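Worksheet for the structure shown next.
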Amino acid sequence: MRIKLVTFAPHPNFGTCLQSYALNYVLRKMGHEVEFIYNRRETPPPTFRHYVFAALKRIIRIFLPEKQISRLKERKDTMTRNGLSDNNEPVILQLPNHRILGLLSKYPGYKAFAKRWYYGNLQKRKVFKFTFEDGNFKIRRLFTHADYKYVVADADLFITGSDQIWNPFCGGYNPMMFLEFVNDGTKCVAYSSSISQPTIHPAIKDRMRTALGKFAHIAVREQRSVELLSKLLGRDDIKLVVDPTYLLTAEEWEEFGNRAKIEFEVPERYIFCYFVGDKRADVYERMVQDVKRFTGIDKVINLECYDRQRVYGGGITYQDAGPYEWVYLLRHASYVCMDSFHATVFALKFQKEFVHAMKNADTETGSQNTRMYDILSRYGILYKNYNDDGSADWLRRIDYQRLTPLLESEIKDSMDYLKYEIEN
């Protein structure tokens, strides 16, 4: 079957990167012809301010040293409200129509130019290699509105994949992720898509209801998403499934991680830290210091995915990691500290001891904590969430003899449902 897979394109947020890989891998292993389609990213409607800031950004890159640019970027990131408009409503994105880029992409030197332009540092070059050169994906970028028509004509089935693709506060309401361009009756299904919000914002309810109305089957990643979509769509067939990264065995992920090329000597025992957010950096630092005291492990490796200069626990910050290095370092860690959903998934997959901190306050607009409360509560390990109140519950070890059979049962059910979505 010719399947077009739609989810976030691989980039150095490694959970996002690896869930894309995992679903693509599983579908290909089933024997399907899978093409990953993306358009780099959708954009808000351009404004005069947008063009001014784009020009300033290019001027700054010419005249300022790299370290100063990094500091400015870090400061900007702390001020950015992800996917929010000025009135705290989700930004509604639009499908881009880059006709000139589409024309240029047909020339032989475009790929080399894009690699140099978009993937300038070692970490991004590793992501480029993983995405375009290692045979992990058959991948097509859609540049123009006409490209969407061609890809629809070439499809038997569209699958929207995992991660927060339906979270309107994760970059904005994204029409690509709701398959709004598929309007010819081609079958559409969702596997492990995530809203990651306690409610659906009123500004997008009607549009979401219309877009999802054409989906033959919908499987989501959190119980709260099941409840929200069941009510929104008036359906009783919304299914809860695991994230696609679960669907690969620990041995398959270990083999994947063994492709890593790490530029320093990895200590025998170390604490692995992966923090996607930085709004609660002071909490993260206290958490890592507590783990050091508890475990007696002094070495700390921080893996950075957003080119920030933060260092936790007096350790080192590894800014040149790609997807293989991320999996390898997590797999061989003695203890894991994170604020990441997918780092939690991989810690469970590799049966690691870990502690997690929420990256948002629960009351924050667009907070993504729902998904973490879901996974930790579902498996009876909510005590592994670090509370900055002196509580030591997180010190309790995970009973993997109890947890592993539960995970294996959910994985089997989810794999069976994925096959059902495709075949029925």
Side-chain angles (χ1 to χ4, degrees), residues 12-15 17-18 67 70 74 121-123 126-127 245 250 253-359 381 383-388 390-398 400:
N13 180 320
F14 294 113
C17 193
L18 293 171
K67 283 188 177 180
S70 294
E74 186 172 325
N121 60 38
L122 179 56
Q123 182 178 71
K126 286 181 176 180
V127 173
T245 52
W253 281 123
E254 184 166 11
E255 182 180 344
F256 176 94
N258 286 338
R259 298 160 74 178
K261 294 182 179 179
I262 298 173
E263 294 77 15
F264 60 91
E265 185 175 348
V266 179
E268 184 176 344
R269 298 184 76 231
Y270 60 91
I271 299 165
F272 178 75
C273 297
Y274 182 62
F275 298 114
V276 178
D278 60 2
K279 293 179 180 179
R280 306 182 73 215
D282 55 337
V283 175
Y284 299 166
E285 177 63 25
R286 286 193 290 275
M287 181 172 75
V288 177
Q289 292 294 350
D290 282 348
V291 171
K292 287 179 70 174
R293 284 191 292 272
F294 167 61
T295 62
I297 301 171
D298 188 54
K299 303 292 184 183
V300 179
I301 298 176
N302 299 275
L303 196 148
E304 178 55 54
C305 68
Y306 288 125
D307 199 26
R308 296 167 299 202
Q309 302 296 320
R310 293 191 181 277
V311 181
Y312 295 100
I316 65 168
T317 295
Y318 183 30
Q319 294 183 293
D320 294 331
Y324 306 124
E325 289 77 20
W326 188 90
V327 172
Y328 181 92
L329 289 170
L330 196 154
R331 165 68 183 86
H332 292 277
S334 303
Y335 207 96
V336 183
C337 299
M338 80 285 266
D339 68 353
S340 158
F341 175 90
H342 283 102
T344 304
V345 170
F346 275 85
L348 293 170
K349 175 66 74 172
F350 290 134
Q351 298 191 0
K352 294 291 178 181
E353 285 298 323
F354 67 87
V355 61
H356 177 278
M358 297 294 176
K359 73 174 186 176
I381 53 173
Y383 59 87
K384 279 297 181 181
N385 182 50
Y386 183 86
N387 292 309
D388 191 30
S391 169
D393 282 356
W394 61 271
L395 294 172
R396 292 164 53 194
R397 295 182 66 84
I398 297 173
Y400 279 106

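Treat the numbers as computed from the prediction; the structure is a model and nothing was measured. Counting begins at 1 with the first residue of the sequence.
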For R310, does its backbone N or O pair with a side-chain atom of T317 as donor and acceptor, under 3.5 Å? yes
Tell me whether E353 is salt-bridged to K384, with the criterion being a basic N under 4.0 Å from an acidic carboxylate O. yes
For K349, is there any backbone N or O sitting under 3.5 Å from a side-chain donor or acceptor partner on W253? no
In terms of relative ring orientation, are Y312 and Y284 parallel, tilted or perpendicular, with 30° and 60° separating the classes? perpendicular
Can you tell me if R280 uses its side chain to pair, donor with acceptor, with the backbone of M358 under 3.5 Å? yes
Side chain to side chain donor-acceptor pair (under 3.5 Å) with Y318: of E325, E263, E304, only one passes, and it is E263
When you measure from the side chain of K352 to the backbone of R331, do you find a donor-acceptor pair of N or O atoms at a distance under 3.5 Å? yes
Please check if any side-chain donor atom of Y270 sits under 3.5 Å from a side-chain acceptor atom of D298, or the reverse. no
Minimum side-chain heavy-atom gap K292-Q289 below 4.5 Å: yes
Can any side-chain N or O of T295 pair as donor or acceptor with the backbone N or O of V291 at less than 3.5 Å? yes
Stepwise ring-ring contact (aromatic ring centres under 6.0 Å, His included) check, F256 with Y324: CA-CA 6 Å; F256 176 94; Y324 306 124; 4.7 Å; yes
Is there side-chain contact between N302 and F272, with at least one heavy-atom pair below 4.5 Å? no
Run the salt-bridge test on D290 and R286 with the 4.0 Å N-O cut-off and return the result as yes or no. no
Interatomic distance, W394 atom CH2 to H356 atom NE2 [nearest 0.5 angstrom]: 14.5 Å
Are the side chains of C273 and V288 in touch, meaning some heavy atoms are under 4.5 Å apart? yes
Which label fits W326 and Y274: parallel for a plane angle under 30°, tilted from 30 to 60°, or perpendicular past 60°? perpendicular
With the threshold set at 4.0 Å, does a side-chain nitrogen-carboxylate oxygen contact exist between D278 and R308? yes
Hey, mind stepping through H342 and F346 against ring-ring contact (aromatic ring centres under 6.0 Å, His included) and telling me if it holds? CA-CA 6 Å; H342 283 102; F346 275 85; 7.4 Å; no
Side chains of Y386 and D339: does their closest heavy-atom pair fall under 4.5 Å? no
